[in-house]
Novice: 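Handing you this structure, nothing more for now.
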Amino acid sequence: MCLTGLDYFSTLGYQPAIAALAAGVIAPAATIVLVAVTLAGALPVYRRVAQESSHGTGSIAMLAKLLPRWAGKLAVLILLGFVVTDFVITMTLSASDATAHLSENPVASSVVNGREVVTTLVLIAGLALIFLWGFREAIRVATILVTAFLAVNGIVIVVAFVHLVQQPIVVSNWWMVLTTQHGDTLFAVAVALLVFPKLALGLSGFETRVVVMPQIRGDATDTEAQPTGRIRHTKHLLTTSALIMSAFLITSSITTVLLIPAAAFEVGGPANGRALSYLAHEYLGPVFGTVYDVIMVAILWFAGASAMAGLLSLVPRYLPHYGMAPAWTQRNRPLVFVFAAIAFVITVIFQADVDAQGGAYATGVLVLITSAAIAVTLTARHKAQHGAMLGYGCIAVIFIYTTIANIIERPDGIKIAGSFIVAILVVSLISRAVRSTELRATSINFDAPAQHMLDQHSDGVLRLIAHNPRHVAAQRYRESLSRAQAAHNLPVNGALFIEVVVADSSEFETDVIVRGVQRYGYHLLVAEGTTVANTIAAIALYLRDVLDCETHVYFQWTESTPVTNILRYLVFGEGSIASVTREVLREAEPNVHQRPIVHIA
């Protein structure tokens, strides 16, 4: 809970000030709206996400399952763009806010002022070093920091409430201003609802908490297919962290708005972005205030750890599996360097400005929660759970409104997210094209009839005639065989037809199962794969090794243009099958004398 709640809890460092600046005296009401949306909206949605994606794939995988083929892959890539936006901006914004706290502290201000960008880069580099050190160590650091952070914030809020009790005139003045500016209760509620999108930063972290589900211990009776204990414990984690944060959000909003002058929240004011720190110095003295600042800076610095953990858990599950990233991206340490480098670039571009990054952060958070609400709504509809579908649908509408309002208010967020999405799409498509000639078969298995057919060809030479599985008329098989015999001087008997059915060309790798089929007296090996050429190449190599034989594959030339064939291959897994098969074999087997032989005529 401490690791995944780092960025969630750390928003206390700036959320009360953002609420006060955006809503003024009505900030507590707007914060109550935020808490209501959290407990009645985001929490139920992600409890359902935890139930549906118990292996930590999150709402993204739920949408990928509901959307077919390439549409699902494209949706995943777009959502990953928002994930990267959310998580990377979490790292840069939190580190920038830590720098802002240091610059306002009387002890550290002389060192940090004028060096904000460099200080932020050092903090991000330190975060990366923690993850290079080890994941378990990161959890230990997170537990210590969150415990200390919640403790000092609890002290500040309790002391602030004591002052409110001792100075009832403060409450009376606030109430008088509130009723004067917003005399109508319904009008006050409407204003709170309108302001709510600006407070969306207080909803961060839910996606991270379900992404790390594989790290959560379940019951002894849990199975891979039904991890009941892990699901239950994840729901406890979600609920506990939401309740803790909700209590802190409401109490911190009340105390900061009532006890801090409105002018102090303005840009450049002593409470801007650090309202609770202001109260700590004001009511508990410079020593405690400095201790508070140290802990605040530490948790803001380390808040990026939950984002880094989310990225390290999420990205390797999708991009390498789709063939849209190099294989090394499945390892943690290279990814840490990549994400740290991206964070460096973002920090330099925004010059470590917290306000400039807030729009992108809120956009990423809201899009992820909105996609989760849509995913659970569609899942409930798919399972004919009409009551649940209606409830989740209402939550989805609320988050859609909030997301649109935030984008209109702060369009820079969608611009940054769009840049990440374009970058991910371009890199993914290039990577898919570069890796397209890999074998792409995770395993190959022959059923009993197929094995029997192979056993009949024990003369040391195996001949496979490639055939289009869409042409199943008897005449087509006769024509294919006669053409192969005429072009390649094949013997009358001794050749097998091989057919590959492309079930889903958007998938990159798959287990290949080969069935033995007899059709019109001809023997066929029928396989299912993601592409025709790669599957035939993988089967040919497998047969060469298992049967210890010389393998020949016979093709006919295709009639389409080279450009058309390339596009058909990349998108539909077909195209210029013969030449691609030969290229796949060339890369897989460097020794030309041991390579299966491709014939084209």
Side-chain angles (χ1 to χ4, degrees), residues 1-2 4-12 15-16 18-19 22-23 26-52 58-59 86 146 150 153-154 157 188-211 213 231-257 306 362 365-377 379-380 387-403 405-406:
M1 185 187 75
C2 291
T4 59
L6 272 169
D7 69 316
Y8 189 38
F9 296 135
S10 69
T11 57
L12 283 172
Q15 180 75 11
I18 291 175
I26 207 170
T31 303
I32 290 173
V33 172
L34 171 66
V35 168
V37 172
T38 299
L39 299 180
L43 180 58
V45 162
Y46 276 96
R47 284 173 65 93
R48 180 62 183 261
V49 171
Q51 181 176 318
E52 298 290 341
S59 60
D86 180 12
V146 169
L150 294 180
N153 275 287
I157 290 172
V189 172
V191 171
L193 290 172
L194 290 173
V195 170
F196 160 67
K198 296 182 180 180
L199 277 61
L201 296 181
L203 288 165
S204 63
F206 278 96
E207 191 74 25
T208 312
R209 271 164 263 163
V210 294
V211 164
M213 280 187 70
I231 293 172
R232 184 178 66 256
H233 295 160
T234 303
K235 289 181 178 180
H236 291 167
L237 182 153
L238 290 165
T239 304
T240 303
S241 55
L243 289 173
I244 291 172
M245 188 59 176
S246 296
F248 273 102
L249 282 173
I250 293 173
T251 54
S252 64
S253 180
I254 293 172
T255 53
T256 53
V257 167
S306 60
V365 169
L366 287 171
V367 168
L368 287 181
I369 296 180
T370 301
S371 68
I374 294 172
V376 297
T377 302
T379 300
M389 180 188 71
L390 181 61
Y392 291 129
C394 292
I395 296 171
V397 169
I398 292 172
F399 282 117
I400 290 171
Y401 152 73
T402 307
T403 304
N406 180 76

Novice: Before giving the answer on side chain to side chain contact (heavy atoms under 4.5 Å, CB included), spell out for Leu12 and Leu249 the whole-Å C-alpha distance, their side-chain angles and the decisive distance to 0.1 Å.
Specialist: CA-CA 7 Å; Leu12 283 172; Leu249 282 173; 4.3 Å; yes

Novice: Once you round to the nearest 0.5 Å, how far does CD1 of Ile231 lie from CZ of Arg48?
Specialist: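 Nearest 0.5 Å value for the CD1-CZ distance: 11.0 Å.
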
Novice: State, to 0.1 Å, how close Tyr392 and Ala380 come at their nearest heavy-atom pair, and which atoms those are.
Specialist: CD1-CB, 4.4 Å

Novice: Say whether, by atom type as modelled, one donor and one acceptor occur between the side chain of Thr251 and the main chain of Phe248 under 3.5 angstrom.
Specialist: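 Yes; at least one donor-acceptor contact below 3.5 Å.
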
Novice: Could you walk me through whether Gln15 and Thr31 pass the side chain to side chain contact (heavy atoms under 4.5 Å, CB included) check?
Specialist: CA-CA 9 Å; Gln15 180 75 11; Thr31 303; 5.9 Å; no

Novice: About how many Å separate CD1 of Ile244 and OH of Tyr8, when rounded to the nearest 0.5 Å?
Specialist: 9.5 Å

Novice: Between atom CD1 of Ile369 and atom OG1 of Thr38, what is the distance when rounded to the nearest 0.5 Å?
Specialist: 7.5 Å

Novice: To the closest 0.5 Å, what do you measure between CD (Gln51) and OG1 (Thr379)?
Specialist: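 Gln51 atom CD to Thr379 atom OG1 measures 10.0 Å (nearest 0.5 Å).
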
Novice: Ignoring hydrogens, what is the shortest heavy-atom contact between Ser252 and Pro16? Give both atom names and the distance.
Specialist: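 Closest approach of Ser252 to Pro16: OG-CG, 3.6 Å.
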
Novice: Any idea which heavy atoms bring Ala50 and Thr234 closest together, and the distance?
Specialist: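 Heavy atoms only, the tightest pair is CB-CG2, 3.8 Å.
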
Novice: Nearest 0.5 Å, please: how far is OG in Ser371 from CG in Leu366?
Specialist: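 Leu366 CG to Ser371 OG: 10.5 Å, rounded to 0.5 Å.
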
Novice: Look up atom NE2 in His236 and atom OG in Ser241, then write down how far apart they are to the nearest 0.5 Å.
Specialist: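 It is 12.5 Å, given to the nearest 0.5 Å.
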
Novice: Can you check side chain to side chain contact (heavy atoms under 4.5 Å, CB included) on Phe399 and Ile374, steps first, answer last?
Specialist: CA-CA 10 Å; Phe399 282 117; Ile374 294 172; over 6 Å; no

Novice: Can you tell which of Thr377, Leu238, Thr370, Val376 makes a side-chain contact (heavy atoms from CB on, under 4.5 Å) with Val45?
Specialist: Val376

Novice: For the pair Ser253 (side chain) and Ile250 (backbone), establish whether a donor and an acceptor sit closer than 3.5 Å, ignoring hydrogens and angles.
Specialist: no

Novice: Using the side chain to side chain contact (heavy atoms under 4.5 Å, CB included) rule, take Leu39 and Leu243 through it: C-alpha gap first, then chi angles, then the decisive distance, then the call.
Specialist: CA-CA 8 Å; Leu39 299 180; Leu243 289 173; 4.2 Å; yes

